[in-house]
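What you see is a predicted model; the values in this text were computed from it and never measured. Quick note on labels: first sequence line is chain A, next is B, and so on, each numbered from 1.
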Number of protein chains: 2
Amino acid sequence: MTGPSITIKDVAALAGVSPATASRVLSGNPATSAESRQRVAAAVAQLDFHPNAQARALRSTKTNVIGLLLSDVRNPFFADLAHAAEQAALAEGLVTLLGNANESIPQQDRYLETFISQRVDGVIAAPQGEGSSSLHALLERGIPTVFVDRTVNGIDVPSVTTDSDSGIRQAVEHLARLGHERVGYIAGPQTTSTGRDRLKSFSRAARDFGLSSDPALTYFGDFQSASGSAGAHHLLGLAQPPTALLAADSPMAVGALATLNRKGLRIGRDIALIAFDDIEWFSLLDPPLTVISHDVEAMGRAAVGLLLEVIDGRKPESVVLPSELIVRASSGTPDPSLGQP
Amino acid sequence: MTGPSITIKDVAALAGVSPATASRVLSGNPATSAESRQRVAAAVAQLDFHPNAQARALRSTKTNVIGLLLSDVRNPFFADLAHAAEQAALAEGLVTLLGNANESIPQQDRYLETFISQRVDGVIAAPQGEGSSSLHALLERGIPTVFVDRTVNGIDVPSVTTDSDSGIRQAVEHLARLGHERVGYIAGPQTTSTGRDRLKSFSRAARDFGLSSDPALTYFGDFQSASGSAGAHHLLGLAQPPTALLAADSPMAVGALATLNRKGLRIGRDIALIAFDDIEWFSLLDPPLTVISHDVEAMGRAAVGLLLEVIDGRKPESVVLPSELIVRASSGTPDPSLGQP
DNA sequence: ATACTTGGTGGAATCGTTTCCATGGAATCG
DNA sequence: CGATTCCATGGAAACGATTCCACCAAGTAT
């Protein structure tokens with residue numbers, strides 16, 4: 001069906017030059033005559049030649065491929081991030097090898113091994129857990145790496161993260177002002193830096209603004225929607241249930257929302273709900289959801305920018321992007337009749 | 001920083017065998033002694049050897065990489081599809097190179113060229129428009145290709161698509177039963193097969209069930225949310241506005257939803273809304289959205305299955321998956337006071 | 001015993017590029 | 001006008017794996 005594929009030798013032969021010259025023309029090497037350039041270009045067009053990226057990479061040790069490792073594209077936050085990073089990379093002439101770790105360390109390792117074997121020029125990762133062995137293998141090989149969204153303790157690579165603290169603090173203050181005293185927190189997994197940081201911020205803010213610091217008000221989820229449902233269910237079943245819920249990411253907020261709806265609670269009246277991560281349609285819900293928002297697009301772009309610097313051999317500073325509260329109708333005044341059994 | 005990388009020769013030397021034998025051990029060739037296997041394995045572990053995928057692919061003409069070309073990962077439908085396909089591929093030992101065409105033909109071509117250069121083992125594509133030049137280049141090279149979600153007229157490759165007709169017909173019948181006569185349709189771009197097929201199904205069903213076939217009731221969007229907003233705005237501004245809206249994909253439905261909310265219309269009472277594509281949180285809206293649902297997970301798996309068959313040199317039959325209406329509260333009885341200026 | 005498989009092995013060619021090095025001609029300089 | 005630089009070029013050696021081919025030792029059939 002498919003004959004022997006056309007190589008640079010065929011192009012060179014047709015153009016009447018040597019493969020070396022053809023290669024120089026193709027790579028834009030200035031040491032070429034106008035004549036050669038023109039003839040090679042014509043031959044390339046005529047043969048519809050596509051250089052073999054494997055052979056090229058083998059010789060030049062540059063693949064123009066980067067690896068993007070994240071948890072789950074189905075999470076809108078990561079989908080936005082993937083889109084932003086991929087588009088930014090494309091603008092720099094890099095294509096993206098996508099790895100979905102599915103919040104699973106073995107699968108993360110699987111993809112990191114693949115990235116190493118593929119000799120990617122660099123890796124952008126939202127790492128799981130505490131430095132897996134493959135993560136160390138990556139760094140020991142000196143493969144340029146940046147972290148995005150999350151970091152790993154004790155691994156010093158440039159990162160672009162969100163300053164969750166400011167947004168969470170605003171959210172807690174907002175709830176406190178409205179008179180909430182018991183706020184349930186659906187936390188992310190404590191094996192991720194974002195999970196830990198956001199919980200810490202929440203606890204500190206709760207203390208600072210005089211909210212209950214009852215540990216029973218914290219439920220540990222896994223950043224996926226089912227755990228948000230379970231968390232809301234659990235928290236509302238407490239002897240002293242919270243009057244407001246704060247979820248550490250959007251899928252868990254969606255899960256919590258489902259539970260609240262199922263229980264017939266009126267959001268924004270019977271109970272307040274705030275989500276970390278803004279998603280386009282959160283503002284379309286009834287009531288619209290109060291959220292802690294951050295600029296995911298900027299995060300993706302920044303990650304690619306940092307990675308390019310690392311590839312260039314520099315050691316860029318990490319970037320921390322702000323977060324802020326966007327108040328909508330889902331966070332209302334607590335109902336005094338609640339929480340009084 | 002990073003020394004000369006370790007090659008199979010280093011492994012062979014350490015194991016006291018030839019590179020040929022080491023290679024055989026690594027690729028599971030049975031013509032190896034237990035002794036060699038054991039020694040090579042030990043050397044690989046000790047050196048933390050990762051074979052160079054480029055060199056391997058160059059010689060063996062298999063990359064174990066497939067290209068996945070789709071429109072936009074931010075569209076939950078494609079995110080689900082990407083996730084399903086990627087996981088299914090991974091289970092077969094293939095990694096996925098992701099290309100986001102962004103509903104743009106030049107960008108689609110850019111990625112297809114990349115896939116060709118990367119010598120991917122196969123391509124799963126949700127194609128834009130009518131066979132671009134790069135799409136033909138792909139097929140002329142005999143690169144195994146399957147279409148997913150969409151097809152292209154005149155290009156005969158196996159595909160896995162949704163039978164939109166059944167779902168749309170059910171939706172139209174449902175609306176007709178409720179007494180709706182003027183149903184606005186927010187169509188997808190007519191440069192995609194899904195855009196065309198769904199419009200055709202809608203028109204036919206509208207005629208069959210006695211709905212108005214006023215062409216003004218069809219608005220042509222581009223499968224992205226902004227066009228859904230614009231479409232709803234336009235349709236509601238007609239002299240005889242529709243009492244129900246059907247959007248051909250979920251982002252456009254979200255856009256329409258935003259417009260309806262902004263106009264203060266009560267969905268399910270003042271106006272009915274149905275979306276093609278079910279999204280987890282559509283059932284969480286107030287009111288929950290009536291949708292035409294199909295199994296995206298199955299679609300992704302089927303696409304990988306077909307691709308593997310094509311790679312194996314077979315010529316599999318295309319797969320058509322069913323769609324069905326899921327009635328929720330957003331599709332209600334038309335308000336008789338509407339549409340009577 | 002001789003011939004003939006069998007199974008493991010190593011040497012060397014090969015995949016398609018890039019890049020080092022040498023070369024030859026034209027242009028520039030003293 | 002001869003010597004030097006400059007530039008475009010081609011030949012050939014890499015890059016790191018796989019795989020063809022020949023080989024040798026040991027086992028089996030004659």
Side-chain angles (χ1 to χ4, degrees), chain A residues 2-41 43-44 47-65 113-114 116-121 141, chain B residues 2-41 43-44 47-65 113-114 116-121 141:
Chain A
T2 164
S5 64
I6 34 197
T7 75
I8 202 172
K9 287 187 184 177
D10 303 319
V11 172
L14 181 58
V17 299
S18 74
T21 302
S23 170
R24 279 185 278 256
V25 170
L26 287 172
S27 58
N29 187 317
T32 50
S33 67
E35 160 104 15
S36 304
R37 279 195 293 274
Q38 188 269 320
R39 302 185 63 148
V40 169
V44 164
L47 297 174
D48 193 22
F49 170 69
H50 289 248
N52 182 316
Q54 266 74 37
R56 178 175 280 195
L58 181 58
R59 180 62 229 244
S60 64
T61 63
K62 282 220 50 172
T63 55
N64 294 316
V65 175
E113 306 273 325
T114 301
I116 294 175
S117 273
Q118 291 289 334
R119 303 293 194 265
V120 295
D121 288 345
R141 274 187 172 60
Chain B
T2 164
S5 65
I6 34 200
T7 76
I8 201 171
K9 288 188 181 173
D10 303 319
V11 171
L14 180 60
V17 299
S18 74
T21 303
S23 169
R24 279 185 277 257
V25 170
L26 287 172
S27 58
N29 188 317
T32 49
S33 67
E35 160 103 13
S36 304
R37 278 196 293 274
Q38 187 269 318
R39 303 185 60 149
V40 169
V44 164
L47 297 174
D48 191 23
F49 170 69
H50 290 248
N52 182 317
Q54 267 75 36
R56 178 175 281 194
L58 182 58
R59 181 64 229 247
S60 64
T61 63
K62 283 218 48 169
T63 54
N64 293 314
V65 175
E113 306 273 323
T114 301
I116 294 175
S117 273
Q118 291 289 334
R119 302 292 193 266
V120 294
D121 288 346
R141 275 188 171 57

Look at the side chain of A/I8 and decide which nucleotide, out of D/dG11, C/dT18, D/dA17, has an atom nearest to it. C/dT18
I want to check something: taking the side chain as every heavy atom from C-beta on, are A/T61 and A/R119 in contact at a cut-off of under 4.5 Å? no
Separation of atom CG in A/L58 from atom C1' in D/dA14, rounded to whole Å: 9 Å
B/N29 CG to C/dG10 P, straight-line distance once rounded to whole Å: 13 Å
Scan A/S27 against the nucleic acid and name what it touches under 4.0 Å (heavy atoms): base, sugar-phosphate only, or nothing. nothing
Distance below 4.0 Å between A/S33 side-chain N/O and D/dA8 OP1 or OP2: no
Hey, which sits more toward the 5' end of DNA chain C by its nearest nucleotide, B/T61 or B/V17? B/V17
Pairing partner of C/dG30 (Watson-Crick or G-U wobble, both distances under 3.5 Å): D/dC1
Spacing between A/Q38 atom CD and D/dA8 atom P, to the nearest angstrom: 16 Å
Would you mind telling me which of C/dT9, D/dA8, C/dT17 lies closest to the side-chain atoms of A/R59? C/dT17
For the residue pair B/T7 and B/N52, establish whether any side-chain heavy-atom pair is separated by less than 4.5 Å. no
Just checking, any donor-acceptor pair under 3.5 angstrom between side chains of A/T32 and A/R24? no
Determine, stepwise, if the pair B/R141 / A/I6 fulfils side chain to side chain contact (heavy atoms under 4.5 Å, CB included). CA-CA 10 Å; B/R141 275 188 171 57; A/I6 34 197; 4.2 Å; yes
Nearest to the side chain of A/S60, heavy atoms from C-beta on, is which of D/dT9, C/dT19, C/dG8? C/dT19
Distance check needed: C/dC15 P versus A/D10 CG, whole Å only. 12 Å
Of the nucleotides C/dG16, D/dA8, C/dT19, which one has an atom closest to the side chain of A/R24? C/dT19
What nucleotide, of C/dG16, C/dA13, C/dT17, holds the atom closest to the side chain of A/R56? C/dT17
Closest nucleotide among C/dT9, D/dT9, D/dA17 to the B/P51 side chain: D/dA17
Base, sugar-phosphate alone, or nothing: which one does B/T32 contact when heavy atoms must sit under 4.0 Å apart? sugar-phosphate
Between A/P19 and B/P19, just flag the one whose closest nucleotide in DNA chain C comes earlier from the 5' side. B/P19
A/N52 CG - D/dC15 C1' separation (whole Å): 13 Å
Looking at every heavy atom in both A/P19 and A/I8, which two are closest together, and how far apart are they? O-CD1, 4.0 Å
Can you measure A/K62 atom NZ to C/dT18 atom C1' for me and round it to whole angstrom units? 14 Å
Taking the side chain of A/S36 as heavy atoms from C-beta outward, which of D/dG16, C/dG10, D/dA8 is closest to it? D/dA8
A/K9 has a side chain; which of C/dG10, D/dA8, C/dT17 sits nearest to it? C/dT17
Distance check needed: D/dA17 P versus B/L26 CG, whole Å only. 9 Å
Residue pair B/V65 / A/Q118, side-chain heavy-atom distance below 4.5 Å: yes
Hey, does the side chain of A/T7 come within less than 4.0 Å of C/dG16's phosphate (OP1/OP2), counting only N and O? no
Can you check the B/R141 CZ to C/dG16 P distance for me, whole Å? 13 Å
